[in-house]
Trainee: 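Here's a structure for you.
Convention: sequence-line order gives letters A, B, ...; per-chain numbering from 1.
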Number of protein chains: 2
Amino acid sequence: MNPDATDRQLMKLLQQNAQLTIKEMAARVNLSVTPVHDRIRKLEKEGYIERYVCLLNRRKLGKNLLVYCNITLDKQRKESFEEFNEAVGQMPEVLECCVVSGSFDYLLKIVVDDVEAYNQFYQQNLSVLKSVLHISSFFVMSQVKSTTELPLE
Amino acid sequence: MNPDATDRQLMKLLQQNAQLTIKEMAARVNLSVTPVHDRIRKLEKEGYIERYVCLLNRRKLGKNLLVYCNITLDKQRKESFEEFNEAVGQMPEVLECCVVSGSFDYLLKIVVDDVEAYNQFYQQNLSVLKSVLHISSFFVMSQVKSTTELPLE
DNA sequence: CTGAATAATAGAAATTTTTTCTGTAATTAT
DNA sequence: ATAATTACAGAAAAAATTTCTATTATTCAG
């Protein structure tokens with residue numbers, strides 16, 4: 001049921017490069033293809049592996065600006081949270097959105113072409129939401145680290 | 001040189017599911033296998049596609065706590081930034097780290113098992129850094145949205 | 001225009017990979 | 001102890017990727 005050391009090794013490999021062949025992975029964990037194949041299918045079936053994706057280069061795509069954004073909602077209106085969650089789900093520029101403890105409500109990660117595009121997004125998509133009380137934006141100057149790889153002890 | 005509508009369509013598909021076969025993608029963009037194969041290789045070669053990874057379920061792995069963390073460095077010490085960047089690169093718990101404009105210096109995304117594990121990480125890895133002047137942590141209560149998919153107009 | 005050069009495409013062949021199948025060894029449970 | 005389950009290896013079958021060949025579009029210089 002619980003992934004053993006070999007399973008974790010396989011997950012680690014797949015987190016780094018999902019294009020490794022089963023044969024290559026088998027060699028690295030000192031097994032034949034069959035058990036490696038079966039283990040990966042099992043990890044998928046049991047939900048440890050959620051999906052396989054490709055990661056694109058945002059610079060190449062002209063998405064030169066990354067913005068983190070703190071948002072406070074109007075808590076008087078009880079529909080605020082649902083409304084806001086729903087809206088954010090529809091916005092392709094918002095890559096991450098979570099409710100956080102502390103002095104504000106939401107933290108958003110937003111990707112756009114440039115400052116102008118952000119301003120437009122801000123005016124037309126964020127500030128128009130009735131549920132939004134206050135927004136403060138932080139522009140990313142440089143990305144020191146960015147990974148999707150979860151630590152596997 | 002620049003990706004056309006078909007290339008963008010392929011990138012979009014691969015961002016959502018990197019396990020689609022060339023045949024399946026070919027059907028969706030109304031082409032045969034060859035051009036789709038060539039286009040994808042070209043997107044990889046030119047750096048639009050950076051890598052293929054699998055995304056794991058952090059809950060399943062017991063990583064139940066996500067923390068965003070603002071850090072201010074001691075700017076008197078000019079080696080501060082290099083030291084800090086280097087240190088963060090070595091920490092598997094830190095998934096993202098960037099330099100931001102505004103009232104603090106760094107924004108970090110950190111994944112750990114629980115509050116206790118975070119406290120341990122905080123004490124043993126963050127606060128010990130001589131370059132760190134101030135830290136404030138925000139615990140994620142709920143993830144409304146989380147995607148690696150960049151918008152492709 | 002026109003013809004040469006380049007780029008994009010389709011279809012088929014070759015290669016590689018994934019998946020399935022069969023059987024054996026190891027482990028677990030009763 | 002023995003039956004049942006699980007993990008594994010090797011081989012066969014199926015499917016996918018990659019390469020090859022040839023044709024059709026497109027671009028560009030004269």
Trainee: Quick check on the 6.0 Å ring-centre criterion: do B:F84 and B:Y106 meet it?
Mentor: yes
Trainee: Using a cut-off of strictly less than 4.0 Å, decide whether A:H37 has a side-chain nitrogen or oxygen near OP1 or OP2 of C:dT19.
Mentor: yes
Trainee: NZ of A:K63 to CD of B:E153: how many Å apart, nearest 0.5 Å?
Mentor: 5.0 Å
Trainee: Whole Å only: how far is the CE atom of A:M1 from the C1' atom of D:dT6?
Mentor: 15 Å
Trainee: Treating primed atoms plus P, OP1 and OP2 as sugar-phosphate and everything else as base, which nucleotides of nucleotides 7-16 of chain D get B, S or - for protein heavy atoms under 4.0 Å?
Mentor: -SBB-----S
Trainee: Just jot down the side-chain hydrogen bond (donor to acceptor under 3.5 Å, both in side chains) partners of A:N30, sequence neighbours excluded, or say none.
Mentor: none
Trainee: To the nearest Å, give me how far apart CZ (A:R41) and P (C:dC21) are.
Mentor: 15 Å
Trainee: Can you confirm whether more than 12 heavy atoms, excluding those of A:K23, are under 6.0 Å from its NZ atom?
Mentor: no
Trainee: Taking B:V112 as the starting point, is it possible to reach A:L152 by hopping between hydrophobic residues whose side chains are less than 4.5 Å apart?
Mentor: no
Trainee: Whole Å only: how far is the CG atom of B:N2 from the C1' atom of C:dA8?
Mentor: 17 Å
Trainee: Using whole Å, report how far CG of B:D4 lies from P of C:dA7.
Mentor: 15 Å
Trainee: So is B:K109 actually on top of B:Y68's ring, under 6.0 Å and inside 45° of the axis?
Mentor: no
Trainee: Separation of A:Y52 atom OH from C:dT17 atom P, in whole Å?
Mentor: 17 Å
Trainee: Nearest whole Å is fine: how far is D:dT18 C1' from B:K45 NZ?
Mentor: 16 Å
Trainee: Could you give the CD-to-C1' distance, from A:Q19 to C:dT17, as a whole number of Å?
Mentor: 12 Å
